[in-house]
Amino acid sequence: MAQLSPYRLSKARDVYNYFNVFNAISWNLLVGIIITLFALRLGASSTYIGLMSATFYIALFLLPLGKVLARRFSIISIFAFTWSARSLCMILAVAAPFVDYAGYRKTALLLIMLGVLLFHLFRGIGMIGNNPVLSQLATGPDRGSYMTQIQIINSAIGMFGSFLIAMILGMEPPIFIFSILLSIGVITGVISGNVIKKVPEPPREEEGKGMNLAGIFKEAMTQDSLRHFMFILFLVVLVSGVTRTFVVVYAREVFAHNDGLISLYSVFGGLGFLMAGLIVKFLVDRLGAKPLFLVCVIIGLICLIPIIFLPSSAVENMTGAILFMVFLFFMLNFGFLGSEGIAQTYFIALIPSEKMLDMGILYFFIFGVAGAVGSFLSGLLLDLLMLIGVSPFISFKILFGIMIILAVIALAMRNKMKALDSLPLRDALEVIFSVRDLRAISLLGKLNKAQDHKEEELLLEAMHDTPSNLIVDGLLDRTRSPKLATRMESIRALEKLKTLNKKAEQVLIKDITDNPFTTAYISARILGNNNCTTAIPMLRELAVSDDYMLAGESIIALARMKDEEFRREIENIILETKNPRLQIMCAEALGIYHKAESITVLLDILRAENPPPYLMDEIVLIISTIIDTQKTFYKILVRYMADNTLAATLANDEAEATLEFVNNTLGKKKFKINSAMINPFIKNFHEAVLKYVKENNGGELSRWILDLPEESLRNYDAREKSIIKSVLSEAVVDTDLNGYDCLRLLIINWAAQQLRIWAAMIK
């Protein structure tokens with residue numbers, strides 16, 4: 001389907017919004033709750049109400065006639081004509097109060113029925129344009145939110161209109177007031193028919209491509225996802241139509257509430273529909289239509305359950321009854337009417353645009369059959385039950401009990417609905433109850449409306465502190481911004497996410513190749529943190545990039561992904577480069593690999609001529625990581641950095657504290673004979689340490705290290721034991737290394753730790 005340009009799409013949406021305003025006013029004044037109250041005022045039975053409600057759905061069977069007309073006339077012209085004509089047909093209902101005043105009540109009821117029937121018949125023909133127009137206007141990433149915006153407009157006007165109607169009917173006005181209200185509905189309906197003419201004509205189906213009705217049903221039945229959805233839709237629409245229609249009769253027949261009070265309930269019903277729309281609009285583009293559809297059905301189902309268990313005494317309690325009916329109207333509209341709205345969003349996403357006209361007929365056929373059958377049979381059931389002597393109170397319990405069973409069947413089939421990139425129901429519920437995710441969605445919504453790059457940067461910074469996988473697509477869009485700061489902040493926000501999808505990985509890989517010296521190094525870091533192994537070949541090449549930040553982050557990323565084959569190359573890079581920052585990043589990578597053989601390479605960096613002090617400290621810390629002393633050594637290093645004259649004192653403290661710990665530990669052992677092997681090491685440790693730090697004589701400590709038995713080094717494997725003992729014993733006698741107090745403190749700390757571990761091992 002050819003899409004409108006952004007400007008024309010915006011203008012078309014504006015026109016359609018105006019159409020919706022007048023259409024919603026007309027609908028609520030002509031066939032909303034007011035027509036039901038009008039009929040009840042004239043003494044209509046439940047069967048009459050059910051039949052009148054069924055005309056709403058029966059009219060949808062005229063969609064094929066609309067398709068035939070669409071071959072000769074434009075879709076918009078059909079839409080406009082039928083919308084005006086349907087409103088004019090309600091002049092019959094406008095005349096009903098005068099006929100009733102003349103004493104012909106049955107004729108008045110007949111005029112209402114004819115007016116409503118003709119209204120819906122013309123509407124059924126015009127509905128052929130509904131899905132094509134919506135499919136044309138609801139394009140792009142905001143498809144779901146725009147569809148829901150239409151729902152919000154309708155519900156807001158419906159709520160406001162119901163409030164005015166409640167105020168008018170609450171004063172028990174003469175029946176002629178219905179003529180005035182219906183007349184206003186006719187006028188606004190004609191206006192809506194003229195406004196829709198300004199919407200661009202949707203693309204027509206190619207000649208010969210359309211299917212007949214039998215072909216439409218045949219194709220639908222061959223597609224599992226469509227067939228299952230249509231059955232679920234049938235059940236939900238049936239339950240929705242019955243409950244929302246007969247809750248009005250329920251309020252009047254069971255609770256004996258007047259027209260004004262029932263109209264006031266419909267205000268809360270409109271509020272429920274409005275709230276459902278606002279919530280769906282906020283979430284649908286992030287969660288998808290399927291889970292929100294299911295959530296709405298669940299809410300509608302839950303609110304029906306209290307009807308079954310409501311005691312008869314509650315009917316007499318006026319305050320409790322009013323509160324219960326407010327709750328019922330609100331939740332039924334929130335749940336079931338909300339599910340009808342999101343169902344159309346799901347359907348439009350499920351059906352290819354080129355089949356929208358044909359499958360739209362199927363959609364409304366299912367809608368029509370479900371609503372017509374449900375409404376008519378429900379009215380018939382209620383009248384039959386009351387005819388055989390069942391009270392209205394029990395009759396409605398039976399009716400709503402049947403509706404609960406049908407809703408449960410629909411929910412039981414939820415797994416047969418195609419996901420359409422939606423979140424699973426459980427994940428969606430977690431998002432709905434997650435303050436962090438909701439805040440992230442809110443920030444993304446504000447980001448999409450940002451007016452300049454400064455506002456974008458502030459919002460992206462806030463999103464960095466509110467990580468959520470629901471905003472990935474929005475962040476990825478900002479990675480293509482022409483503004484460096486915006487790209488930087490969006491990629492930084494991606495870094496906070498726990499996982500990345502394939503699309504995000506591809507965007508980051510592209511950023512690395514396209515944006516060196518700017519954001520590429522951040523992308524490399526993110527790929528490493530998320531174990532993106534597909535990027536390994538590229539990261540290997542970039543390890544020698546002129547962009548040293550990118551090279552360093554690529555090296556660290558390879559280390560995080562345990563690319564063992566490249567470790568030797570990193571050891572070569574750290575020895576060859578003269579860039580201290582790159583050397584530090586290479587050292588960090590070697591620390592991540594955690595291989596004892598890399599200690600020799602790191603010590604070679606310290607042997608170089610005049611290494612920067614900060615590089616020396618980083619190297620020593622990395623060595624402490626490899627030999628697993630980082631936790632205990634870091635505290636010593638911090639104290640040494642605060643006062644460099646404390647080297648000998650800190651070494652002496654470490655030796656004394658260790659000997660005290662060892663002696664106390666061994667003193668508690670029952671079998672001291674097992675500690676005979678460790679005694680020489682205890683005796684010689686303090687003296688070896690003092691000679692090393694005070695006299696620069698590491699010979700005794702070197703022998704002490706070499707003599708450590710293999711079983712005492714239980715934290716290392718056999719190969720690591722040999723390497724660490726060899727490297728450290730050589731380091732303490734290496735004159736080139738003896739000038740580094742922090743290294744000497746590290747070796748002493750390591751030796752002390754081994755002595756403590758050995759003492760604790762002895763039984």
Side-chain angles (χ1 to χ4, degrees), residues 512 516-517 520-529 535-630 633-634 637 641 716 719-720 722-724 726-728 730-732 734-747 750:
I512 290 174
F517 299 101
Y521 75 95
I522 305 177
S523 296
R525 182 168 66 227
I526 298 172
L527 291 174
N529 291 339
I536 286 179
M538 179 189 67
L539 294 174
R540 286 179 175 181
E541 294 179 5
L542 294 172
V544 291
S545 169
D546 292 337
D547 179 357
Y548 70 89
M549 288 297 293
L550 174 57
E553 292 294 355
S554 298
I555 288 169
I556 292 174
L558 291 168
R560 292 192 185 282
M561 291 187 281
K562 300 300 180 184
D563 183 14
E564 185 62 33
E565 295 179 11
F566 199 72
R567 181 172 61 84
R568 296 294 183 187
E569 186 62 30
I570 296 174
E571 292 176 352
N572 292 332
I573 293 172
I574 195 174
L575 293 174
E576 292 174 2
T577 184
K578 301 300 180 183
N579 186 320
R581 183 71 175 87
L582 185 56
Q583 285 181 310
I584 290 173
M585 299 178 86
C586 287
E588 183 179 344
L590 294 176
I592 295 170
Y593 279 113
H594 207 275
K595 295 295 182 180
E597 47 262 48
S598 296
I599 299 175
T600 302
V601 176
L602 295 170
L603 291 177
D604 286 342
I605 301 298
L606 297 180
R607 292 188 180 98
E609 186 176 353
N610 297 322
Y614 50 84
L615 174 60
M616 177 183 66
D617 296 336
E618 289 281 354
I619 294 295
V620 172
L621 280 172
I622 295 301
I623 295 174
S624 75
T625 299
I626 295 175
I627 62 178
D628 295 324
T629 62
Q630 65 272 25
F633 173 67
Y634 187 74
L637 181 61
M641 296 299 295
Y716 310 105
R719 190 165 183 271
E720 288 178 331
S722 176
I723 293 174
I724 292 174
S726 174
V727 171
L728 296 185
E730 290 177 6
V732 297
D734 190 327
T735 55
D736 291 334
L737 299 176
N738 279 350
Y740 298 121
D741 287 338
C742 55
L743 177 62
R744 294 198 292 177
L745 288 171
L746 170 61
I747 296 173
W750 175 84

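Just so it is clear, the structure is predicted and the values come from calculations on it, not from any experiment. Numbers for residues simply follow the sequence, beginning at 1.
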Side-chain donor or acceptor of [X] paired with backbone N/O of [Y] under 3.5 Å:
X: Thr625; Y: Leu621; value: yes
X: Tyr740; Y: Leu606; value: yes
X: Tyr521; Y: Tyr548; value: no
X: Asp547; Y: Pro516; value: no
X: Lys595; Y: Glu720; value: no

To the nearest 0.5 Å, how far apart are [atom1] in [X] and [atom2] in [Y]?
X: Leu743; Y: Ser624; atom1: CG; atom2: OG; answer: 10.5 Å
X: Thr629; Y: Tyr634; atom1: OG1; atom2: OH; answer: 13.5 Å
X: Ile512; Y: Leu539; atom1: CD1; atom2: CG; answer: 5.5 Å
X: Ser545; Y: Leu550; atom1: OG; atom2: CG; answer: 4.5 Å
X: Ile555; Y: Ile592; atom1: CD1; atom2: CD1; answer: 11.0 Å

Compile the donor-acceptor pairs under 3.5 Å between side chains in residues 569-576 and protein atoms, sequence neighbours left out, one pair per line.
residue	atom	partner	partner atom	Å
Glu571	OE1	Arg568	NH1	3.3
Glu571	OE2	Arg567	NH1	2.9
Glu571	OE2	Ser598	OG	2.8
Asn572	ND2	Arg568	O	3.4

>> Between Ile626 and Tyr593, is there a side-chain heavy-atom distance shorter than 4.5 Å?
In response: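 With C-beta onward as the side chain, the pair stays apart.
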
